[in-house]
Amino acid sequence: MHLRKLSLINFKNYPEAGLEFSIEANAFVGDNGSGKTNLLDAIHYLSLCKSYFNPADNQNIMHGAEFMLIQGTYDLNGVEELIHCGLKRGQRKVFKRNNKEYERLADHIGLLPVVMISPVDSMLITEGSEERRKFIDSIISQYDKSYLNDLISYNKIVAHRNALLKQFALSRSFDGASLEIWDDQLVPLADHLFVKRHEFISRFSPIFQQHYNYITEAKEEVSIVYESHLEAGNFAATLSSSLEKDRYMQYTTKGIHKDDLVFTSGAYPVKRFASQGQQKSFLIALKLAQFQFIREVTGVKPILLLDDIFDKLDDSRVKRLMELVSRDNFGQLFISDTHPERVQKIFHDIGIPIRVFEVTNGFVKSNPLPAAHEPA
Amino acid sequence: MNSFPSKIFEQAVNEFASLPGIGRRSAVRMVLHMLKQNPEEARRFGETMIRLTREIRFCKNCHNISDSELCSICADHRRDATTICIVEDVRDLLAVENTNQYRGLYHVLGGIISPMDGIGPNNLNIETLLEKLKTDTITEIIMALSATMEGDTTVFYLYKKVSQLNRPELKLTSISRGVSIGDDLEYADEVTLGRSILNRTPYESTLVR
């Protein structure tokens, strides 16, 4: 699976752009703020129906414009697929596959798997548990359709249940029968999602460890521990025993919407004890593990988007990373960098031809693909 | 478009614009149309609206809109009074009625359970339904609610309430869900198609008789 062409209208700082890609490696080079990352984000949009960086769709339309358009021509198992994403201000997002509109965006997610590695990933370590749940959810929903549907239902039930708890508090009343119909629907969904998440982490953890060791050349033990209220067993019992607290807090305090992942290195939490460098290696290993995991489960090599990673890593780690992605098991690659010479040299050294796009203030100039050269 | 030459005009525009689906532009067009008509027609329009809100009634049996105590459906003796079809609102009642496939009676809930919109079971016509079901005359109730989480939740609530009535012979059914007539299978979403497979029907029952 790879992206052959991308065209943009009014997306972020691009009034109009049309790009044709190499099926191997592509680099967007230019100064800070020129729009390199926005190109990576457009590719992310086409796969996961949203920006990697800004969840407010409207803010991704170019300033002053009324609509935006992202179109990608993919090659999926030898068949051409045209993916279209259109958004008018104040209207809902429209996604089309070969000119046929999707009724639900969830139906599209998973068709074109993608993995982004970006400096903002540090939020996974530093921010609250919501970021880590999003990380798990975005991986599982790329290969398991029913997971995403269940998750959407689960969240909706929690929202209704919370609204009900608020009404009880407001009217100083309680109606057990009304609450029960939501609880009865919540429990099986929560059980189901818990099992899926649990399964995922136990398969994901060893892959992660393996990548971490490779990148750092270190032997320290890293791990991901899944924490959930559902570990206590019978979730229905947990819900009813926390009813008093829920009524007091006016929201649902227990459930898989409170799940978290604890990252440890040695015996210590990465969040508090790891150095900046260790954290970066940790994050990259996490993303590469995500890549390998999706590939193993779906049999498709995801598109890999590398945002500004050379600036944040020391040379030896960059080298290890590049060795890794140059092997057979990686597919199409997109990379953004401020230094055209650096990225060209790195790819020259590993013997992969790279197509370079020069980006200046929302305009892209593509250089012809250099003739294939001998690996150094 | 916010300043009009006449206050009365502006007020009329505001009234039309308060209707669902009517924006200010359309409202202006409607008011101008009213002005062009002869005054007799505009008076009739206004009076009909006043009568509508003053005189319309809700059927005491099924909560359908009606001109009298019982709506025309409930008053029709040819209809099968042993079956009740439960619908969210009058619009859905009309939709089922337009199929010409149903000869029983209705019960209009007046909404579906949705705490996020502030609607609970107490805001719906559920008590009157349960009251009706206590007598033995009704043998089947058909749930014809939207296939949304709120619709399903309402069905689930009714199912629980009906189970408590201790009338095991009462049949509780739900309209079937699945692939629409005229739809290609490949375009049906997984959830719908999955449900269609689970709730498959004996072929003979689908034959037109």
Quiz item: Near B/Phe156 CZ, under 6.0 Å, is it more than 12 heavy atoms from other residues, nucleotides or ligands?
Solution: yes

Quiz item: Taking atom CD of B/Glu150 and atom NZ of A/Lys156, what is their separation to the nearest 0.5 Å?
Solution: 4.0 Å

Quiz item: Would the number of heavy atoms belonging to other residues, nucleotides or ligands and lying under 6.0 Å from CD of B/Glu69 be above 12?
Solution: no

Quiz item: With a 4.5 angstrom heavy-atom cut-off, which part of A/Gln167 approaches chain B: side chain, backbone, both or neither?
Solution: side chain

Exercise. Using a cut-off of 6.0 Å, state whether more than 12 heavy atoms not belonging to A/Arg203 lie near its atom CZ.
Key: no

Quiz item: Can you tell me how far NE2 of A/His160 sits from CG of B/Asp117, rounded to the nearest 0.5 angstrom?
Solution: 7.0 Å

Quiz item: So how far is it from A/Ile181 CD1 to B/Asp152 CG, rounded to the nearest 0.5 Å?
Solution: 11.0 Å

Quiz prompt | Heavy-atom contact with chain B under 4.5 Å, split by part of A/Arg161 | solution = neither

Practice problem: With rounding to the nearest 0.5 Å, note down the distance linking CE in B/Met116 to CG in A/Leu164. | Solution: 11.0 Å

Quiz item: Got a sec: does the CZ of A/Arg89 have more than 12 other heavy atoms crowding it under 6.0 Å?
Solution: yes

Practice problem: Heavy-atom distances under 4.5 Å only: say whether A/Leu165 touches chain B with side chain, backbone, both or neither. | Solution: neither

Quiz item: Which bit of A/Lys166 comes within less than 4.5 Å of chain B, counting heavy atoms only: side chain, backbone, both or neither?
Solution: neither

Self-check item: Heavy-atom pair with the smallest gap, counting every atom of A/Trp182 and B/Ile113
Solution: CZ2-CG2, 4.1 Å

Quiz prompt | Heavy atoms from other residues, nucleotides or ligands near NZ of B/Lys171 exceed 12 (cutoff 6.0 Å) | solution = no

Self-check item: Side chain, backbone, both or neither of B/Thr154 within contact of chain A (heavy atoms, under 4.5 Å)
Solution: neither

Quiz item: If you count the non-hydrogen atoms of other residues, nucleotides and ligands that lie under 6.0 Å from OH in A/Tyr248, is the total more than 12?
Solution: no

Self-check item: Contacting region of A/Ala106 [heavy-atom separation from chain B under 4.5 Å]
Solution: neither

Practice problem: For atom CG of B/Asp67, decide whether the heavy atoms of other residues, nucleotides or ligands shown that lie under 6.0 angstrom number more than 12. | Solution: no

Quiz prompt | A/Glu244 atom CD, over 12 foreign heavy atoms within 6.0 Å | solution = no

